[in-house]
Amino acid sequence: MKKTDPIIEAAAKVVPSERQLKWHELEFYAFIHFGINTFTDSEWGSGGESPELFNPVKLNALQWAKIIKAAGMKALILTCKHHDGFCLWPSAYTDHSVKSSPWKDGNGDVVKEAANACRAVGIKFGVYLSPWDRHELSYGTGERYNEFFKNQLRELLTNYGDLFCVWFDGACGEGKDGRRQEYDWQGYYALIRELQPNAVISVCGPDVRWIGNESGVTRRSEWNVVPWYYSNAECVAAASQKDDLAPPKKISSTDLDLGSRAKIKKGHRLIWYPAEVDVSLRKGWFYHKNEDLTVKPLSKLADLYYKSVGANASLLLNLSPNQDGLIAERDMETLLSLGAQLEIDFNENLAEGSVMTCSTQLDGDHGAQNVLDPDKSKYWHSGMDPEKPWIEIDLGDDYDIDKVVLREHIRTGQQIEEFTLYGEVEGKWKKLSEGTVIGSKRICRFPELRVQKMRLVIEQTRCFAAIEAFEAY
Ligand code: FUL
């Protein structure tokens with residue numbers, strides 16, 4: 001039996017928390033950027049905007065939720081407060097909110113409407129709360145602002161039902177001579193764990209990692225297991241857009257290699273810190289009429305989906321309701337066509353009912369047939385330190401296939417470092433696809449081929465191979 005390096009062995013033992021496992025299952029969900037910026041035609045408000053401007057007369061959160069669901073997304077994260085400090089809920093700690101606006105005579109609550117709409121259609125709800133607040137006078141005072149921020153956070157954590165996510169943005173454009181606020185991250189996290197223990201804390205938080213750009217680009221290998229310091233990378237309030245004055249940092253979410261053997265060999269403590277791709281349907285995050293023509297076409301969206309969800313990263317697609325409080329026609333049509341396209345793409349799993357074999361297995365309970373069982377606790381396990389183990393599928397007949405979906409059993413960690421997928425053509429194995437990590441989900445796409453048998457070879461793994469699902473389309 002070959003001896004595995006102790007550091008690699010340690011990496012192979014890092015596993016996700018229950019809340020992260022639940023988050024992995026969501027795969028594709030929506031951001032909504034909506035607020036005072038929607039009414040001032042800007043992306044970053046100054047904090048000096050009048051709440052009088054906020055009046056989305058036709059606001060219909062049910063329209064948002066229904067479109068999100070029809071597009072194939074499973075949750076929504078709402079910008080409850082962006083950098084301008086305007087709150088979409090009637091916070092008791094500031095007047096800079098919906099309660100000072102003409103909308104519903106100051107009696108409205110967008111957060112409540114959005115949370116209820118999500119519940120009504122059966123998707124999850126999460127909150128975005130910008131730590132950087134350009135309106136709040138106590139910003140920059142240290143403890144006083146931290147108390148204010150925790151009070152607002154508590155309102156969101158207690159009044160809107162179960163949250164699946166709290167999204168903290170690292171952006172801060174105060175500049176060199178601006179106010180400097182030291183955030184009490186640990187205090188924020190403790191409050192979230194206490195009041196919403198199932199919610200992941202994303203970006204400036206320990207559970208979900210920012211992909212490192214806002215254009216939907218993923219790395220060749222998105223590792224879930226990375227050195228711990230990446231969970232701090234965004235917390236320095238200096239890492240996002242428009243932040244030209246920030247000093248270059250040594251550790252960055254944009255690093256190309258986060259978790260390869262070479263990276264983790266340095267022996268730093270390792271954590272489960274999976275990636276999320278945040279990208280907007282339009283050019284900007286907020287609605288601007290003059291960006292109506294920038295709505296991404298279906299082909300681009302499908303590509304984004306395959307390159308994120310299909311490459312072990314979740315996709316957080318941003319929508320921008322307009323001044324009426326509605327998702328505009330063009331955006332809606334594109335989203336509905338995306339939902340329809342995904343349904344067609346994954347309409348019938350041709351692997352169902354097939355026969356699986358394998359080169360090696362841990363024991364009688366971990367055979368290859370398990371990968372066809374929808375029960376997530378059943379998986380193929382190769383046994384320890386295997387030499388290029390494989391599983392093979394016999395579809396029982398010839399089928400035209402152009403996609404194979406693979407899932408590692410991540411409950412037992414992320415193990416696979418390299419794989420090749422073959423199809424049998426006229427008695428010979430032809431390479432269909434190859435890649436590095438599989439992780440939570442890998443979608444292999446290749447030119448359509450008529451095949452009956454396919455073989456997945458695990459070329460390199462950390463300690464063993466554990467595959468939970470093999471699907472063919
Ligand atoms: C960035 C912000 O500055 C943008 O306005 C937007 O909210 C994006 C999701 O994150 O850091």
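Both counts, for ligands and for their atoms, begin at 1 and track the order of listing. Here, residue 1 is the first one in the sequence, and each next residue gets the next number. FYI, side chains are in, hydrogens and waters are out, and symmetry mates aren't considered; it's all heavy atoms of this structure.
A salt bridge links Glu417 with Arg462: at least one charged nitrogen is closer than 4.0 Å to a carboxylate oxygen. Between Asp402 and Arg445 there is no salt bridge, since none of the side-chain N atoms of the basic residue sits less than 4.0 Å from a carboxylate O of the acidic one.
By the 3.5 Å distance cut-off applied to N or O atoms, Glu43 is not counted among the residues near ligand 1. Checking only distances, Trp285 never comes within under 3.5 Å of ligand 1, N or O to N or O. Annotation: Asp278 places no N or O atom under 3.5 Å from an N or O atom of ligand 1; distance criterion only.
Within ligand 1, counting atoms from 1 as listed, the ones closer than 4.0 Å to a heavy atom of Ala171 are 3 (O), 11 (O). Near His83, with a cut-off below 4.0 Å to any heavy atom, the atoms of ligand 1 are 2 (C), 3 (O). Close approach of ligand 1 to Phe31 is summarised as follows: ligand atoms under 4.0 Å from at least one heavy atom of the residue are 9 (C). Taking every non-hydrogen atom of Glu214 and a distance limit under 4.0 Å, the qualifying atoms of ligand 1 come out as 1 (C), 8 (C), 10 (O), 11 (O). Listed by number with element, the atoms of ligand 1 under 4.0 angstrom from any heavy atom of His33 are 6 (C), 7 (O), 9 (C).
Classification of the Trp285-Phe31 ring pair by plane angle, with boundaries at 30° and 60°, yields perpendicular.
Remark: aromatic rings of Phe148 and Tyr93 are distant, center separation not under 6.0 Å.
Heavy-atom distances between Tyr128 and ligand 1 reach below 4.0 Å in at least one pair.
Cation-pi geometry between Arg261 and Trp223 is not met: the NZ or CZ atom fails to fall both under 6.0 Å from the ring centre and inside 45° of the normal.
In the displayed structure, Lys441 atom NZ is contacted under 6.0 Å by more than 12 heavy atoms of other residues, nucleotides or ligands.
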Step by step, work out the ring pair (Phe, Tyr, Trp, His ring centres under 6.0 Å) result for Tyr230 and Tyr273.
CA-CA 8 Å; Tyr230 281 108; Tyr273 200 40; 8.2 Å; no
